[in-house]
Amino acid sequence: MCSRDCCNNKGPVSRTKEGNPCEKKTQKQESEIIVPTPQSLLYPYEVIQEIADFIVKGSGIRPKIGIICGSGLGSLADIIQNPKVFDYEKIPNFPVSTVEGHAGRLVVGTLEGANVMAMQGRFHFYEGYPLAKCSMPVRVMKLCGVEYLFATNAAGGINPKYAVGDIMLMHDHVNMLGFAGNSPLQGPNDPRFGPRFPALVNSYNKDLINKAIEISKTMGIESSVHVGVYSCLGGPTYETIAELKALRMMGVDAVGMSTVHEVITARHCDMKVFAFSLITNKCATEYSDKKDDEASHDEVMAVAKNRQKTCCELVSRLVAEIQKTA
Ligand SMILES: O=P(O)(O)O[C@@H]1C[C@H](O)[C@@H](CO)O1
C-alpha cells in the first residue's frame, strides 16, 4: 500500500526497475528538498569583512592580538585598557553566547601597549552552532588585522600529573570532531582566507610556548605549568571513564569542548597561535563510586575564578613580550 497523500493507489505498491511510479517528484516537491549549506559558505568573505569593518571603525583600533576567553576566564578581557565594548547582539551577523561564564562581549583596546581584541564569550558546538560559526570570529579577527591568536579554555586534566589549577600550554591537539568528519573548513575553500589543505603540524607557535615557560619561571609558577596535548569533544556531556581511558591512550593530557576548531581556522589564515588550558578538574580514568569524580560546570567556574589573576598575568606578560619585539 502506498502511503503518500498524493497517491490514489491504495493497493500494494508494485516496484518496477524505475522505482515506484507514485514517488515521481513534481517540480514543487523537488524545490522543497533541503540541502544543508556547507559550513564554509555560512559566512562568506564579504560578510566577515563587514563585521571586521564595523569593529575597526567602531573602536578606532586595528588590533594585533586576539584573545578568546575560556569558561570563567572573562577577566582576561577586563584587564584591557581604554576598552571599547561591543555586545554580541549589537554586532551585525554575530551569534549570541548562551553559556554561563561567557558574557557575550567583544572588548577592543590596549594591553601592555599592544592593540588587542578579546572575545568575552566563545561559541561551542554543543550550543547548536556549526563549527564554522563557532570559529567565525577568528576570521573576523584576521580581517581586523590580528596576527596572533591567544585561545584559552577550561579543561579536565587527564594526565595524572596534572593538578586542579595547573596550566597546560597546548603544543598539539587531537581533533575528535575531525575524526568524525566535522571541520570548520568543510565546503568550498575561499583562498582569500587560506589554502584548501592546510598543514597543522606546527600549529602551536614554539617561540610563544618557550616565552610562556620563561614567564612562568619569573612568576614562580613553573611547577604548575605543563606543555601538553588537548582534545576537544562535542559536549555538552562530560566524558565517560571509557572515553577518558581511550583519550589517555591516545596521548591526550587535557580534554575540553572548544579551541581546536578555532585553532584550525586561525592556522588556515596563517595566524600565529598560542593556547592554554586551565585545568579546572581532574578526570577520573578508573571506575569508582566517588562523587568527586563527576565533573561539574560549577567546579569549572569556581576554579577559573580562583586562578584568573594568574592567567591574566601570564597573558599580559606574553603580550608585553610580543610588543617588545614589534
Ligand atoms: O569555553 P571553554 O572550552 O573554556 O569551556 C569549557 C567547555 C564547556 O563549555 C564548559 C564545561 O564546563 O567549560
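Keep in mind it's a predicted model, so treat the numbers as computed, not measured. Computed from heavy atoms alone, side chains included, the values below leave out hydrogens, waters and symmetry copies. Remember, it's 1-based here, ligands and their atoms both numbered in the order they're listed.
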Is Glu286 paired with Lys245 through a side-chain N to carboxylate O contact shorter than 4.0 Å? yes
Is there any N or O on Ala154 that sits under 3.5 Å from an N or O of ligand 1? yes
Decide, yes or no, whether a salt bridge links Glu321 with Lys324 under the criterion of side-chain N to carboxylate O below 4.0 Å. yes
In terms of the angle between their ring planes, are His124 and His102 parallel, tilted or perpendicular, with boundaries placed at 30° and 60°? perpendicular
Nearest non-hydrogen protein atom, atom 1 (O) of ligand 1: His124 NE2, 2.7 Å
Within 4.0 Å of some non-hydrogen atom of His102, the atoms of ligand 1 are 1 (O)
Are the charged groups of Lys272 and Asp207 less than 4.0 angstrom apart, N to O? no
Could you check atom 9 (O) of ligand 1 against the protein and tell me its nearest heavy-atom contact, residue, atom and distance included? Tyr126 OH, 2.6 Å
In the protein, what heavy atom is nearest to atom 6 (C) of ligand 1, and what distance, to one decimal place, separates them? Ser71 OG, 3.5 Å
Counting only heavy atoms closer than 4.0 Å, does ligand 1 sit against the backbone of Val300, its side chain, both, or neither? side chain
Which option wins on minimum heavy-atom distance to atom 2 (P) of ligand 1: Glu299, His297, Glu127, Arg122? Arg122
Less than 4.0 Å between a side-chain N and a carboxylate O, is that true for Arg267 and Glu262? no
Give a yes or no on whether the backbone of Ala155 and the side-chain of Ser277 come within a donor-acceptor separation of less than 3.5 Å. no
Which of parallel (below 30°), tilted (30 to 60°) and perpendicular (above 60°) describes Tyr45 and Phe193? tilted
Based purely on interatomic distance, does Tyr230 place a nitrogen or oxygen under 3.5 Å from a nitrogen or oxygen of ligand 1? no
Ligand 1 contact by Met301, heavy-atom criterion under 4.0 angstrom: no
To which protein heavy atom is atom 11 (C) of ligand 1 closest, and what is the distance rounded to 0.1 Å? Tyr238 OH, 3.3 Å
Among all the protein's non-hydrogen atoms, which is closest to atom 3 (O) of ligand 1, and how far away is it? Ser258 OG, 2.6 Å
Parallel, tilted or perpendicular: ring planes of Phe123 versus Tyr129, cut at 30 and 60 degrees: perpendicular
Below 3.5 angstrom, do we get any N/O pair linking Asn153 and ligand 1? no
Distance from atom 7 (C) of ligand 1 to nearest protein heavy atom, with residue and atom: Met257 CB, 3.7 Å
